[in-house]
Amino acid sequence: MEITREGPYRYRIERRGAMRVPGVVFASADLLPGAEADRSLRQVADVATLPGIVRASFAMPDVHWGYGFAIGGVAATDTAAGGVVSPGGVGFDISCGVRLLAAGLDRDAFAARAGTLMDRLGAAIPRGLGRGAVWHLPGRAELERVLAGGAAYAVERGHGVPRDLARCEDLGVMSGADPGLVGARAEERGLGQLGSLGSGNHFAEVQAVERVYDPATAEAFGLRPGRVCFMIHCGSRGLGHQICTDHVHAMQTAMPRYGIDVPDRQLACVPAESPEGRDYLASMAAAANYGRANRQLLTEAARRAFAAVHGCDLDLVYDVSHNLAKIETHPVDGEPRRLCVHRKGATLALPPGHPVLPPDLRAAGQPVLIPGTMGTASYVLTGVPGNPAFDSACHGAGRRQSRHQAARSVHGRDLRERLQAAGIAVRGASWRGLAEEAPAAYKDIDAVVDAAEGAGLCRKVARLVPLGVVKG
DNA sequence: ATGTCC
């Protein structure tokens with residue numbers, strides 16, 4: 001692989017063989033993965049071979065190896081020119097994303113009763129592998145309403161306030177969902193998990209605004225130094241996973257009929273405008289709505305805990321997915337084109353003035369939410385004009401060690417001790433899960449965010465530090 | 001990420 005430096009935060013993987021476009025990696029020299037040791041850049045090059053891909057196969061500064069596509073990747077295909085959709089470009093956790101809420105509380109008031117609130121949050125937030133939910137759905141009919149209506153349906157049923165929806169991507173509901181396409185196994189898994197964190201890197205965290213870079217934008221987002229926030233990172237649980245699995249299999253069967261050949265079986269794809277492509281997109285939208293309702297239900301659980309202990313409310317700052325494919329219009333070679341934009345471990349980052357932003361965010365831009373790791377900072381940024389990657393940015397710190405490596409080098413109990421000694425309360429689900437998420441297993445979030453800003457993907461607004469984490 | 005295999 002031939003990699004050329006194009007700027008301080010931009011590298012190009014030259015077109016070679018079946019690649020239709022180059023690869024573009026946004027990273028500093030320090031963050032750029034080694035082409036030999038790290039398989040993620042090979043994946044970025046493989047994605048560049050997909051039918052209909054335009055501009056480039058992009059990698060964000062937090063890129064790391066994933067199923068087929070790298071995590072931290074963005075790929076857009078021209079739907080009118082046979083451009084494909086691929087479940088691997090979205091990920092197993094469809095509509096995994098981040099929600100940030102701002103509390104009517106400052107960090108000194110939190111500190112006075114930290115243990116009480118953390119115990120309450122720990123008891124109220126279902127987490128870990130398997131069952132447990134804030135809202136137990138009675139059956140298929142109610143599940144279908146969630147799959148069609150997302151967070152908007154949850155609010156309609158009283159799980160939140162209408163103002164929440166103005167601060168959700170797509171107003172809390174992705175259009176085009178077809179709940180009838182969701183199979184029996186996905187249904188079975190989805191009924192008992194609505195309002196649950198899951199495991200892996202999912203978490204809910206009490207944070208405080210430590211630093212503001214842009215006071216005017218921070219004010220528009222409701223962020224000021226010392227304000228307590230609550231961040232939720234989770235997705236569509238077993239339901240989204242099952243839908244991804246079902247469609248990967250269906251596409252692996254269908255692909256030869258479309259004459260599509262890919263360098264890796266995990267890049268299974270079909271034309272976005274084919275019957276199989278449309279079915280995937282409609283099922284994916286249903287899973288996205290489950291993920292959005294999931295974060296809405298966890299918000300309700302958190303609000304009850306904050307109200308009971310501090311008598312305060314939580315105002316939604318924003319809710320955005322970082323695992324999704326969306327049909328969007330972007331200029332390609334000067335012409336507006338209808339593209340299927342895959343963002344896998346890459347967040348939407350809309351600039352100021354974008355027409356889909358609510359009026360009170362129109363001047364400030366979309367809040368771009370980038371969580372760090374346990375014990376490290378998280379960032380709120382805003383979108384910028386001229387984003388080279390279809391209004392996308394990185395989604396987190398990005399792994400640098402596998403789960404296995406991480407669990408081998410640290411014990412969960414020791415990690416919890418260290419975090420608590422540093423003033424960060426921890427309510428976990430399993431010792432093994434805690435060890436796998438050790439900060440040492442991740443890249444430096446400050447460096448990743450600086451690279452994203454330097455590459456022109458987004459602009460820093462505020463830095464948040466953790467006070468207490470409920471870990472999935 | 002995930003009842004870590006159909």
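Throughout, a chain's letter reflects where its sequence line sits, starting with A, and its residues are numbered from 1.
Distance A:R432 CZ to B:dT2 P: 15 Å, rounded to the nearest Å. The OH atom of A:Y67 sits 14 Å away from the C1' atom of B:dT4 (whole-angstrom rounding). Distance, A:R185 CZ to B:dT2 P: 16 Å, rounded to whole Å. In this structure, CG of A:L129 is placed 7 Å from P of B:dT2, rounded to the nearest angstrom. Rounded to a whole Å, the CZ atom of A:R127 is 18 Å from the C1' atom of B:dT2. Taking atom CD on A:Q242 and atom C1' on B:dT4, their separation rounds to 14 Å, with Å as the unit. Rounded to whole Å, atom P of B:dC5 lies 11 Å from atom CZ of A:F92. Regarding A:N323, its CG atom lies at a distance of 13 Å from the C1' atom of B:dT2, rounded to whole Å.
For the pair A:H249 and A:E188, both in contact range of DNA chain B, the more 5′-proximal nearest nucleotide belongs to A:E188.
At most 12 heavy atoms of other shown residues, nucleotides or ligands fall within 6.0 angstrom of atom CD in A:E417.
Side-chain nitrogen and oxygen atoms of A:T245 include none within less than 4.0 Å of the OP1 or OP2 phosphate oxygen of B:dT2.
Considering only residues two or more places apart in sequence or on other chains, A:H342 meets the side chain to side chain donor-acceptor pair (under 3.5 Å) condition with none of them. Judged as a side chain to side chain donor-acceptor pair (under 3.5 Å), and not counting sequence neighbours, the contacts of A:D62 are A:H395.
Note that CG of A:L267 is 8.5 Å distant from CE of A:M255, once rounded to the nearest 0.5 Å.
Within 4.0 Å (heavy atoms only), A:G130 reaches sugar-phosphate atoms of the nucleic acid but no base atom. Counting non-hydrogen atoms under 4.0 angstrom, A:G91 reaches nothing in the nucleic acid. Residue contacts for A:Q193: at a heavy-atom cut-off of 4.0 Å it reaches the sugar-phosphate backbone alone, with no base atom in range. Among the heavy atoms of the strands, none lies under 4.0 Å from A:R399.
Counted by atom type alone, A:R343 and A:S392 present one or more donor-acceptor pairs between their side chains at under 3.5 Å.
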